[in-house]
Structures are given as structure tokens and as C-alpha cells.
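What follows is one structure encoded as C-alpha cells, with my remarks underneath.
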Amino acid sequence: MKDVLADIERLRARGEKIAIATVVASRRSAPRPVGSKLVVSESGEIFGSVSGGCVESDVYQNAQEVIASGEAKLVSYGFSDDQAWSVGLPCGGEIDIFIEPLEPEART
Amino acid sequence: MSVQRRIEQAVRGGERAAVLTVIGGDVAAAGTRVGAKLFVLEGGGEVLGDGPRSLVALAEALIRREKNHVIEHEGLNVFVEIVAPPPRIAVFGAVDTAESLCAMAKQLGWRTIVADARARFATHERLPSADEIIVAWPEEALAQIKPDHQTAIVVLSHDEKFDLPAIIGALGTDCFYIGALGSRKNQEKRRVRLLEAGIAEEQLSRICGPCGLDLGADSQPETALSILAEAVAIRAGRDGGRLQGSKGRIHVGVE
């Protein structure tokens, strides 16, 4: 959270909708520790990281869906996953990423 | 205040807390939703959010364990995220290795403290990387620092009248690392002194002395690297050997 705190605050100050993606589990090998975060804004900005760059663009797409729908979701990446042919981790690990919306707050 | 705002406040303020988020499982049966969240401050004095309240009872043990992971709870998958201040390193002895240690520890994101009774040495000019400088004798400095299970203590002064009380004081705390610089000959002398001072034999095994991994360190930064490498390994419950040929997981957080 600490790494992306300033980014969240800046985006919130602009009144943007945000999704936060968090690595909640990793198996076998993992490029980033559990708890690592990626912040995506409605306007398309990306801060932080959840892998060594292997899955960020797919997470970004999912995050945009989460922003649009307002519904949180869990996505998994890795060799054993169906998506492995398109989006995978070259290190052979598996990661689960939880993506949740952060609604803009009413201005006071 | 929203849960997210409270989390941010806790991160900024160096508070300890658990953030528990429902990420899956039978949410309908549990009467909750995916994304439901609970913020529990250490001590349980403050609980915020729409997550299942039955999680509150687990929070204290989870905070103590300080590990981000998914748990199963009443048919739910719950992501446990711990908010905690960074580890601290308290260096006793405002010698040049102290500055190297602080500079490198800051790279790790740790908070750095140097204590020395000699005001002439314990200055910000000599120790620009120290977040905090305490000019005091070890007992008093330790009382100010209040080392906890996320504090490493390194004793560098080479002077018994500083080192001994610092080590004895450190042994009375929960700190995760006690490192003491010094030759093997001095380690043995110190051992005898500590036993004379009434420290139990089994307590002495907590002291890493001579501290550091066997890197062949020569310069001050290399010595600092060696000491910090040992402290990082001990904090992670690792031996600090080479990854090549080791059988365990590379990253400590990986299942």
C-alpha cells in the first residue's frame, strides 16, 4: 500500500475512479511479494506493479472492467491457467490477483 | 471515514492493523459479498468496514504473524493484509559503520536509529542517514527506542561500557536480531562478562557475534551489507546461504 499511496491520493484528488489490483497469492515462484499493488485509473494511468511486467497489461484490461462494473474480481495467472497461452509468467509461477474498485469520494 | 482512508492513515501513521478482504467462497451463505472489507487496529480497539465481524477474533494473531496471505474462514476466502510500520534498526555506537548501516537500511525501507552517549560523535553531520539520533547511555536509549519484534539491534562501539549494557538491555526485549561487532577474542571476553552479569547461557545464543554473513567484507559498506544481510535472513527465518544449490523457496512469501 505504501508504494502506491501517493498515487491513490493524487488520483482521488482529481475525482477519478480507481481500481486497485493486489497480489493475494503466489505459488512456486513469484516476481513480486504477496500484497504488491497496481493502481489503475479510469483515464488509463498505471502505477505500481504486480509482476515483473508479465501480466500488467492483462490486469489493466481487467481493472478497466472493474472500474466500469463496480464489481471486484479475482484473476489468476500461471502455467496451469487457461490463459497461459496468452498471458503467463515466464518464471513458471502462479499468481492470484484481486482487483477491486475504489469509488471517488464526494467532494466536501 | 472510509475503510480505504483509514488504511491510508494507518500506513502513514506507522500503525499496526489487519485489513481483511473477502475475495471468494460462498459469500451468499455467509451473507456477505466479494470485496467486503474489515479494518482491525492492533489491540482490537477499532474495527471498521462491512466485512464479517467474526474475523475480528482472528486479527490479533494475524497482525502478530505479519504475513499477507489468504485464509479460509467459515466458507469464505479472505485476503489478510497487514499494515505495519517498517522494521527498525537501532545502532549503538556512532562509529563510521553506523552511517553505512543506516544508509543501507534506508534502502531496505527500514527506519534507522543511532544511539551514543558521546554528543561529539552522535551528530547529524556524521550520521546523515540516521532518522533519529539519541545521545544517551544504552539503558536510557533502549527505554526511548522500546525495541519490539520488528527491531534489529546492532552494537558497534567496541567499548565494553557501552556494549555490555546495550546487549544486556537488548536481551530483555523482543527484538528479532542482536548483532555485536568484534573479533572472536573479544566475543569470548564478552561472553564471560555477560555470564558474570547473570545472563543465562541459552540467552547468549540470541547474540550474533561476530555479526554478519561471511562475505569477506572489508570496507564499511561491505561490513554493513554483511550485517544487514544476516539481519534480513534471520527476520525471514533463513540461514543466509547461497541460493544456488539451496532447496527452499527463493522468496519467503511464496507457498
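As a basis for the values below, the full set of heavy atoms in this structure was taken, side chains included, without hydrogen atoms, waters or symmetry mates.
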Residues [X], [Y]: salt bridge by 4.0 Å N-O rule:
| X | Y | result |
| --- | --- | --- |
| E56(A) | R32(A) | no |
| R111(B) | E132(B) | yes |
| R5(B) | E9(A) | no |

Side chain, backbone, both or neither: which part of [X] has a non-hydrogen atom closer than 4.5 Å to chain A?
| X | answer |
| --- | --- |
| E81(B) | side chain |
| I7(B) | side chain |
| V78(B) | neither |

Cation-pi geometry met for R10(A) and F47(A) (6.0 Å, 45°):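 Here R10(A) passes the 6.0 Å and 45° test against F47(A).
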
Closest-packed option against chain B by number of heavy-atom pairs under 4.5 Å, given G35(A), A25(A), P101(A), P33(A):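 Heavy-atom pairs under 4.5 Å are most numerous for G35(A).
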
